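Structure first, then comments.
Predicted model, so just to flag it, every value in this text is computed and none were measured.
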There are 2 protein chains.
Amino acid sequence: MTSPDGSRRPRYLHVRGQLVERIRSGAWAPGQPIPSEFDIAREFGVSQGTARMAVTALVAENVVVRRQGLGTYVCEHTQEEEYARFSSVFDGERRRIATDTQSRQAVVAGANRTERRDLNLAAGAKVLRIRRVRTRDGTPFILETVSVPAALFPGLAQRETLPATLYELYQKSYGVLVVRAEERLTAIAADRAAAKTLRVAAGAPLLRIERTAFALEGRPVECRVSLCYLADAHYLARLK
Amino acid sequence: MTSPDGSRRPRYLHVRGQLVERIRSGAWAPGQPIPSEFDIAREFGVSQGTARMAVTALVAENVVVRRQGLGTYVCEHTQEEEYARFSSVFDGERRRIATDTQSRQAVVAGANRTERRDLNLAAGAKVLRIRRVRTRDGTPFILETVSVPAALFPGLAQRETLPATLYELYQKSYGVLVVRAEERLTAIAADRAAAKTLRVAAGAPLLRIERTAFALEGRPVECRVSLCYLADAHYLARLK
DNA sequence: CAGTGGTCTAGACCACGTG
DNA sequence: ACGTGGTCTAGACCACTGC
């Protein structure tokens, strides 16, 4: 099969692209079922097996989830799911640690060098920076700075309140679906400001997490730096 | 289809199990091609599509790799591949850091509490503990203690030399194929001994990595603790 | 019960890497 | 040219879920 532009692309990848477009545009909303594999097959004039391959690709990309006997649903960043997928901090008994977000501050500024590189922005581009403290059982636990391209989230800076789980907001208000992230970790000594906020001694060892989050088609949409004081806690990474 | 014990299992999972058994037993050696999908289909009396599903499951489990036009090969832990899969430390330019292993020391001892939990060992079981220092450009970089069940690797303690890439040894000499690992990370302050070995100041922030490695069917086969001084370097984790 | 995803067949042809 | 994995069809039936 030859596509309109002359390049040879498997049919299932063409179908996948069409499905992604409908999800990106909001025609198929988060948490809602997409058409059945048979319906997709009929609409695009392919067999069920081919429609299934297209859906399987989206499952692998964390864009949809299959529920046997029910249907296939557009991924939804609920608070719970977002923690399960993107929060990697666990306690001594290997349970995921729940945090609350206590204080916030949001400003628009020119992107710095790290932000321009991680978010793939041109010089002079603006970012919205959100600074916040996350607490565990009421005590400061993580000091976090979240940066997003201002152009991608119009009006976000003017909001009076921001939810703890930002990806839900990105998705529901801006149609930006975070599907993947990379985190770069280092151990650093707490400087005075961080030590004061986290209520630890200056020089205490902190885990510094620098995250870059990616949306559909690999587009970087957020970077954040988190400083954590991990007393009786750890970060969990799964290899392959 | 009903299997001999009466449970209903998809045929492709039955085929997958048979393939795993041949790899585990060494009948199909690391780095060697397994039979083609058509040959597998013929042998087990299933269609190519079903044989393909069985192979796809093994690909997802990191047991085999497909090479288009060539065949499907049993995964091999070569030095290069092992670094690419299990080494997560990168330099400031985001290149993977190569390390050399400079000094080693191996002892057999009773498993401690952490080892018993991570390796799923009974009280009184013995482990082989390997202590070693890994260097970067000649300077100490990672201080590492590797623990494996002594019963699983007979004769390993008596070896005069050990390679830098242990998983290659586990696989080639003992038929133990590491397919997955979990790493638990914390930031700690260097104690005197670690500081001296790594040539940093006592109290310097170190990244502590506690790894558990799993073989086929989820069996834990190794745990290791690594202390890294990450000057101009970071640990990379990929989320989903 | 109807409708969904999950498994399975027996073919066919294509794209790729090697000889 | 050959054999491999990769794509694709047009069916079929099974297993699960909710009504």
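Heavy-atom distances under 4.0 Å link DNA chain D to no residue of residues 19-31 of chain A. If you check residues 38-63 of chain B against DNA chain D, the residues with a heavy atom closer than 4.0 Å are B:Gln48, B:Arg52, listed by number.
Residues satisfying the salt bridge (charged side-chain N to carboxylate O under 4.0 Å, His left out) criterion with A:Arg113, sequence neighbours excluded, are absent altogether. Evaluation of the salt bridge (charged side-chain N to carboxylate O under 4.0 Å, His left out) rule for B:Arg85 yields no partner, not counting sequence neighbours. Applying the side-chain contact (heavy atoms from CB on, under 4.5 Å) test to A:Ser25 and every residue at least two apart in sequence or in another chain returns A:Glu21, A:Ala27. Applying the side chain to side chain donor-acceptor pair (under 3.5 Å) criterion to B:Asp100, with sequence neighbours excluded, gives no partner residue. In this structure, the salt bridge (charged side-chain N to carboxylate O under 4.0 Å, His left out) partners of B:Arg224, at least two apart in sequence or on a different chain, are B:Glu144, B:Glu222. Among residues two or more places apart in sequence or in another chain, the salt bridge (charged side-chain N to carboxylate O under 4.0 Å, His left out) test is passed with B:Arg117 by none. For the side-chain contact (heavy atoms from CB on, under 4.5 Å) test, residues two or more places apart in sequence or in another chain that qualify with A:Gln79 are A:Tyr83, A:Thr165, A:Glu168. Here A:Glu115 pairs with A:Arg129, A:Ser147 under the side chain to side chain donor-acceptor pair (under 3.5 Å) rule; sequence neighbours left out.
Listed nucleotides C:dC8, C:dT4, D:dG5 differ in distance to A:Ser36; the shortest reach to its side chain belongs to C:dT4. Nearest nucleotide to the B:Arg66 side chain, out of C:dG6, D:dG6, C:dT9: D:dG6.
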Give each protein N/O atom lying under 3.5 Å from an N/O atom of nucleotides 15-17 of chain C, with the pair distance.
from   : atom 1 : to      : atom 2 : distance (Å)
C:dC16 : O4'    : B:Gln68 : OE1    : 3.4

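The backbone N or O of B:Ile97 sits nowhere less than 3.5 Å from a side-chain atom of B:Asp91 that would complete a donor-acceptor pair.
As a whole-Å value, the separation of B:His14 NE2 from C:dT7 P is 16 Å.
For B:Arg11 and C:dT9, the shortest distance from a side-chain N or O to OP1 or OP2 is below 4.0 Å.
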Check: residues 233-240 of chain A side-chain donor-acceptor pairs under 3.5 Å, at least two apart:
from     : atom 1 : to       : atom 2 : distance (Å)
A:His234 : NE2    : B:Arg184 : NH1    : 3.3
A:Tyr235 : OH     : A:Glu183 : OE1    : 2.4

